[in-house]
Colleague: 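This is the structure I want to talk about, given as structure tokens.
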Amino acid sequence: MTQEDDIYINAFTRLSMDGILLGEMQIANPRLTYPLRDRESVRPEIDIDVRVMPKLPLACEIYDSPMTGYFEKRGQFYYRNCNTANAMETPEVFYKGRLPNSFLHIHMEVGDRVRLQFSTTRNFVREGRSRLTRISSIDLAVNNIALALSVFRGYLPFHGAALEAGPPGRRYSLIFMGLPNTGKTNTSVAATKALGADYLAEYICFVEPKTLSVFSGPYTLDETKIQNYDELRSAKYRAAPLAAVVMLERTRMPSAASILSPGDQQIADFILGMNRYKFEWNHDIFVRHLMIGGASLGFSIPQITRAYLDGLAGIANRVPVIRLSGLDPRPWSDLLGVQLTALGYGA
């Protein structure tokens, strides 16, 4: 791929592929890319390059013996178990698969931008996408590290659909959250039509906690759903500040709506619960090993987790929740409009 073919998966992350085609991911699905109207305004703070490993000598040297433990190689201090070797002082990881010449190398540099380079052999890609082993696919590895890096740079991922509405000068954003099959997509699409809004994201978005600005994840459409993609395609990367989180709950009771004021503990519990349901970078083996060497830079599991939880708590203290509940979600869009008026966001 050329530089012009790079994918900006959100306003702060650029993804470049050279010889390796990534498939479906939570934050970027290269098979569903399309032009966006504000691409020129993108200012990437995270650069991710995925390329074919040009040569194998260092990877082969690290795994040239069955011995595991601590060792020094080419001026770096490493720890190696059976398959994974991580630098102890810098964010760098090697992984060895079971196929011949099946290697992955991840290297991170932190400066004005975070630069992350994935070098992989084709056999590692094949192995990760098969059932030969339990190796995470390169797609999942890129996704999970990009999520952790987003928190590292101050952007908090939300598992929810999002839209932007309101007249010029009074624009606001909403995020729709709920358990799977609650009705996030249908309700957010219906609300977009009713409010004359712009659709931002169907599956994942990001919030910058200081400004509450919402950033779309425009390439997160779910290919398994039967839906009109034209209705779900974000036209831009960045939107107005978050006005409210829309809590969707399926119950046996008739449809109802209510408002939880900022600071209500139910808001923090709900936001955390919905996000922890989806984001599992703490359990990704590559992220964990990359963080060992990245701890001195503030890129470690405790530091990232603390930043994420503190950021979510801060947002929960500043935004209300519109709770929509009931067995039938079809009335929810109309109920939402009434609650928005009560919050001062009416027409």
Side-chain angles (χ1 to χ4, degrees), residues 156-166 172-207 212 214 216-217 220-222 224-228 231-232 239-279 309 311-347:
L156 307 184
F158 271 62
H159 175 216
L163 61 81
E164 183 188 46
Y172 63 89
S173 297
L174 300 173
I175 295 179
F176 297 74
M177 305 182 73
L179 291 172
N181 299 315
T182 301
K184 291 188 295 294
T185 300
N186 290 334
T187 303
S188 57
V189 169
T192 298
K193 294 177 180 178
L195 298 172
D198 292 330
Y199 205 81
L200 297 176
E202 178 209 8
Y203 195 64
I204 179 176
C205 58
F206 299 83
V207 178
L212 294 180
V214 176
S216 70
T220 60
L221 305 183
D222 188 342
T224 64
K225 295 180 180 177
I226 301 174
Q227 56 197 12
N228 182 355
E231 293 179 343
L232 300 175
L242 179 64
V245 171
V246 183
M247 177 192 296
L248 305 178
E249 295 180 321
R250 296 292 280 271
T251 69
R252 296 184 183 183
M253 304 300 292
S255 295
S258 60
I259 295 175
L260 299 178
S261 299
D264 191 311
Q265 185 59 42
Q266 295 179 80
I267 298 178
D269 292 345
F270 174 75
I271 291 177
L272 177 60
M274 293 303 101
N275 285 337
R276 292 194 67 178
Y277 173 83
K278 196 62 187 176
F279 305 135
L309 296 179
L312 292 182
I315 292 172
N317 284 328
R318 295 174 61 192
V319 301
V321 151
I322 299 174
R323 174 185 275 162
L324 303 177
S325 61
L327 183 60
D328 184 0
R330 286 176 294 182
W332 286 354
S333 178
D334 294 335
L335 293 173
L336 174 64
V338 174
Q339 301 305 311
L340 285 172
T341 300
L343 289 174
Y345 294 98

Colleague: How about Val246 and Thr187: do any of their side-chain heavy atoms sit closer than 4.5 Å?
Modeller: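 Val246 does not reach Thr187 side chain to side chain.
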Colleague: Distance from Leu195 atom CG to Tyr345 atom OH, nearest 0.5 Å?
Modeller: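 The CG atom of Leu195 sits 13.0 Å away from the OH atom of Tyr345.
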Colleague: In the structure I gave you, are the side-chain heavy atoms of Leu232 and Thr185 within less than 4.5 Å of one another anywhere?
Modeller: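 Of all side-chain heavy-atom pairs linking Thr185 with Leu232, at least one is under 4.5 Å.
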Colleague: Quick one: closest heavy-atom pair of Ser188 and Tyr199, and the distance?
Modeller: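 It is OG-OH, 2.8 Å.
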Colleague: In Å and rounded to the nearest 0.5 Å, what is the OG to CZ distance from Ser325 to Arg250?
Modeller: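 Separation between the atoms: 11.0 Å.
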Colleague: Can you see which heavy atom on Asp328 is nearest to which on Ser255, and at what distance?
Modeller: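 In this case the closest contact between Asp328 and Ser255 is O-OG, 2.9 Å.
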Colleague: Ignoring hydrogens, what is the shortest heavy-atom contact between Asn275 and Met177? Give both atom names and the distance.
Modeller: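 The pair with the smallest heavy-atom distance is OD1-CE, 3.4 Å.
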Colleague: Rounded to the nearest 0.5 Å, what separates atom CZ in Phe176 from atom CG in Leu163?
Modeller: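 Output value for this atom pair is 4.5 Å.
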Colleague: Less than 4.5 Å apart, any side-chain heavy atom of Asn186 and any of Trp332?
Modeller: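 A side-chain contact under 4.5 Å is absent here.
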Colleague: Does Asn181 have more than 12 heavy atoms from other residues, nucleotides or ligands lying within 6.0 Å of its CG?
Modeller: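 No - once you tally the heavy atoms of other residues, nucleotides and ligands closer than 6.0 Å, there are 12 at most.
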Colleague: Between Leu200 and Val214, does a side-chain contact (heavy atoms from CB on, under 4.5 Å) hold up when you go through it step by step?
Modeller: CA-CA 9 Å; Leu200 297 176; Val214 176; 4.1 Å; yes
Colleague: Please report the shortest heavy-atom distance between Lys184 and Leu179, naming the atom on each side.
Modeller: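 Closest pair (atom of Lys184, atom of Leu179, distance): NZ-O, 3.5 Å.
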Colleague: Please evaluate residues Ile267 and Ile315 with respect to the criterion side-chain contact (heavy atoms from CB on, under 4.5 Å), reporting the C-alpha separation (whole Å), side-chain torsions for both, the decisive distance (0.1 Å), and the verdict.
Modeller: CA-CA 9 Å; Ile267 298 178; Ile315 292 172; over 6 Å; no
Colleague: Between Ala243 and Tyr172, which heavy-atom pair has the shortest distance, and what is it?
Modeller: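 Heavy atoms of Ala243 and Tyr172 come nearest at CB-CB, 3.7 Å.
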Colleague: Hey, could you give me the CZ/CG distance between Arg252 and Leu327, rounded to the nearest 0.5 Å?
Modeller: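 Going from CZ on Arg252 over to CG on Leu327, the span is 9.5 Å.
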Colleague: Do Gln266 and Arg323 have side-chain N/O donor and acceptor atoms under 3.5 Å apart?
Modeller: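 Yes - a donor-acceptor pair under 3.5 Å links their side chains.
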Colleague: Atom CE in Met247, atom CG in Leu324: separation rounded to 0.5 Å?
Modeller: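 Spacing of CE (Met247) from CG (Leu324) equals 10.0 Å.
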Colleague: Evaluate the criterion side-chain contact (heavy atoms from CB on, under 4.5 Å) for residue pair Leu242 and Leu174; output intermediate values, then yes/no.
Modeller: CA-CA 6 Å; Leu242 179 64; Leu174 300 173; 5.5 Å; no
Colleague: Regarding Glu164 and Ser173, is there a side-chain donor-to-acceptor distance under 3.5 Å anywhere?
Modeller: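 The criterion, which ignores hydrogens and geometry beyond distance, is not satisfied for Ser173 and Glu164.
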Colleague: Could you tell me how the ring of His159 sits relative to the ring of Tyr203: parallel (under 30°), tilted (30 to 60°) or perpendicular (over 60°)?
Modeller: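 Ring orientation, 0 to 90° scale: perpendicular.
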Colleague: Return yes if some donor-acceptor pair links the side-chain N/O of Asn317 with the main-chain N/O of Ala313 below 3.5 Å, else return no.
Modeller: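 Yes, because the side chain of Asn317 sits within donor-acceptor range (under 3.5 Å) of the backbone of Ala313.
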Colleague: For Pro262 and Arg318, work out which heavy atoms get closest and say how close.
Modeller: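 Here Pro262 and Arg318 meet closest at CB-C, 3.8 Å.
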Colleague: Within this structure, what is the CE-CG distance for the pair Met274 and Leu248, rounded to the nearest 0.5 Å?
Modeller: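 Rounded to the nearest 0.5 Å, the CE-CG separation comes to 10.0 Å.
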Colleague: Could you walk me through whether Leu343 and Ile322 pass side-chain contact (heavy atoms from CB on, under 4.5 Å), step by step?
Modeller: CA-CA 9 Å; Leu343 289 174; Ile322 299 174; 3.8 Å; yes
Colleague: Less than 4.5 Å apart, any side-chain heavy atom of Val245 and any of Phe270?
Modeller: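 Yes - at least one pair of side-chain heavy atoms lies under 4.5 Å apart.
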